[in-house]
Number of protein chains: 2
Amino acid sequence: MALSAEKLTNNQQTVLDLLEKSKEPLKAYAILYDTQKKGIKAPLQVYRALDKLIEIGKVHKIESRNSYMACEHKNCNSSTSTSFLICETCDQVSELTQKNLPSYFAKQSEQADFKYAKHNLEIYGVCKDCTK
Amino acid sequence: MALSAEKLTNNQQTVLDLLEKSKEPLKAYAILYDTQKKGIKAPLQVYRALDKLIEIGKVHKIESRNSYMACEHKNCNSSTSTSFLICETCDQVSELTQKNLPSYFAKQSEQADFKYAKHNLEIYGVCKDCTK
DNA sequence: TAAAAAGTGTTATAATATAACATATCAAAT
DNA sequence: ATTTGATATGTTATATTATAACACTTTTTA
């Protein structure tokens with residue numbers, strides 16, 4: 001079955017719903033706390049749901065923050081590369097949608113004799129709302 | 001006193017020496033284990049040394065691996081942006097030295113109404129040695 | 001040389017993530 | 001329809017990564 005058509009289990013859907021409602025990325029134990037009323041009782045249940053959601057591209061991990069966010073793109077089914085814009089003022093994170101980043105990075109990598117496969121880019125700065 | 005001329009303390013020098021000798025990035029508790037003979041006894045001593053070394057730009061953290069490496073550049077005294085090439089085969093990490101990355105990212109960010117300050121880039125792939 | 005700043009050593013604990021194992025669910029292939 | 005294999009679940013325990021708090025020492029600077 002194609003990844004994009006994957007049917008989610010209860011736990012997976014519960015975690016995804018929460019992340020989609022959240023304005024900021026959430027940490028695993030925050031997710032645990034917020035989903036206890038939905039029957040999720042242990043960290044492993046959260047991490048397992050996250051693992052699957054990340055695998056099918058519905059969720060991304062922001063490595064430098066140990067936090068997780070729902071993918072903003074419709075029907076995203078890639079778990080490969082990620083590019084974030086992280087506001088240092090309000091902690092909101094958005095995704096940089098730049099189709100040519102991979103080819104740009106592939107070119108840069110090649111100059112260092114390195115074969116590009118995927119990337120994680122975390123840009124820090126100030127978002128639109130916070131510059132006002 | 002200028003950062004680049006900063007004199008390191010014993011613990012800081014011990015941790016930096018170890019990282020400079022290492023071929024791969026090291027994890028904090030690996031650093032702790034390897035420096036016990038030099039008098040470092042507790043995690044906090046490692047983390048405090050790392051914090052300082054990162055601050056003065058001598059060490060970088062690879063976020064997605066929770067590991068630390070000595071900066072490869074001479075007299076690096078910037079703790080702002082980082083760009084890594086991470087080999088998925090042998091786990092060696094090198095730094096991408098690309099002067100124009102910040103301006104490139106600044107431009108990309110601007111298109112999303114985001115004010116660029118700094119970045120962390122982690123490129124995954126296969127290094128020169130491992131493609132042979 | 002006193003005050004301020006930075007670092008130390010130590011114990012305890014917080015925060016993040018995985019191991020192990022028995023059981024359950026579900027799709028698909030006979 | 002039923003076995004089979006893959007995937008998910010629930011649970012307890014534990015590993016890994018990182019920081020808090022506090023008393024004390026050293027170094028820098030004014």
Side-chain angles (χ1 to χ4, degrees), chain A residues 1-19 24-69 77 79 91 120 122, chain B residues 1-19 24-69 77 79 91 120 122:
Chain A
M1 185 183 268
L3 286 177
S4 55
E6 195 110 26
K7 189 166 174 290
L8 300 178
T9 65
N10 282 347
N11 288 356
Q12 291 160 9
Q13 192 65 56
T14 298
V15 170
L16 181 58
D17 285 348
L18 178 66
L19 286 173
E24 312 91 32
L26 298 177
K27 296 186 161 236
Y29 279 70
I31 294 171
L32 174 59
Y33 182 85
D34 287 348
T35 55
Q36 302 224 309
K37 66 199 83 161
K38 302 263 184 179
I40 289 184
K41 291 174 184 162
L44 246 198
Q45 294 174 292
V46 173
Y47 283 108
R48 286 201 281 225
L50 287 173
D51 283 348
K52 183 66 181 184
L53 291 166
I54 288 169
E55 184 192 333
I56 64 176
K58 294 288 189 189
V59 164
H60 303 310
K61 178 175 186 181
I62 295 127
E63 293 288 353
S64 63
R65 298 264 169 117
N66 297 317
S67 59
Y68 304 85
M69 70 182 288
N77 47 11
S79 60
D91 287 331
N120 173 48
E122 302 178 345
Chain B
M1 183 181 270
L3 287 178
S4 55
E6 194 112 26
K7 186 164 174 295
L8 300 178
T9 65
N10 282 348
N11 288 355
Q12 291 160 7
Q13 192 65 56
T14 297
V15 170
L16 182 57
D17 285 347
L18 178 66
L19 286 173
E24 311 90 32
L26 297 177
K27 297 189 160 234
Y29 279 70
I31 294 171
L32 173 59
Y33 181 83
D34 287 346
T35 55
Q36 302 223 310
K37 66 201 81 162
K38 302 263 184 179
I40 289 183
K41 292 174 185 162
L44 248 198
Q45 294 173 290
V46 173
Y47 282 108
R48 286 200 281 226
L50 286 172
D51 283 349
K52 183 64 181 185
L53 291 166
I54 288 169
E55 185 192 333
I56 65 177
K58 295 286 190 191
V59 164
H60 304 311
K61 178 176 185 182
I62 295 128
E63 293 288 353
S64 64
R65 298 265 169 117
N66 298 317
S67 58
Y68 305 85
M69 69 181 289
N77 46 10
S79 60
D91 287 331
N120 172 49
E122 302 178 342

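Below, chains carry the letters A, B, ... as their sequence lines are ordered, and counting in each starts from 1. Note that this is a predicted model, so its numbers are computed, not measured.
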### Task
Evaluate the criterion salt bridge (charged side-chain N to carboxylate O under 4.0 Å, His left out) for residue pair A/K38 and A/D17; output intermediate values, then yes/no.
CA-CA 11 Å; A/K38 302 263 184 179; A/D17 285 348; 6.0 Å; no
#### Entry: Short side-chain N/O contact to D/dG10 OP1/OP2 from A/Q45, under 4.0 Å
yes
### Task
May I ask you to verify if any side-chain N or O of B/T9 is less than 4.0 angstrom from the OP1 or OP2 atom of D/dT27?
no
### Task
Give a yes/no on whether any side-chain N or O of A/K61 is located under 4.0 angstrom from OP1 or OP2 of C/dA17.
yes
### Message
Of the listed nucleotides (D/dT19, C/dT16, D/dA21), which one gets closest to any side-chain atom of A/K27?
### Response
C/dT16
### Summary
Comparing nearest nucleotides in DNA chain D, the 5'-proximal residue of the pair A/N66, A/Y29 is A/Y29
### Query
Counting just side-chain N and O atoms, does B/N11 come under 4.0 Å of either OP1 or OP2 of C/dG9?
yes
### Message
Strictly distance-based, threshold 3.5 Å: is any side-chain N or O of B/E122 a donor or acceptor partner for the main-chain N or O of B/I62?
### Response
no
### Distance test, side-chain N/O of A/K52 to OP1/OP2 of D/dT7, below 4.0 Å
no
### Message
Whether A/Y68 contacts C/dA17 is assessed here as follows: a side-chain N or O lying under 4.0 Å from the phosphate OP1 or OP2. Is that the case?
### Response
yes
### Message
A quick test of your reading: do over 12 heavy atoms of other residues, nucleotides or ligands sit less than 6.0 Å from CG of B/N10?
### Response
no
### Query
Think A/Y47 has a side-chain N or O under 4.0 angstrom from the OP1 or OP2 of C/dT18?
no
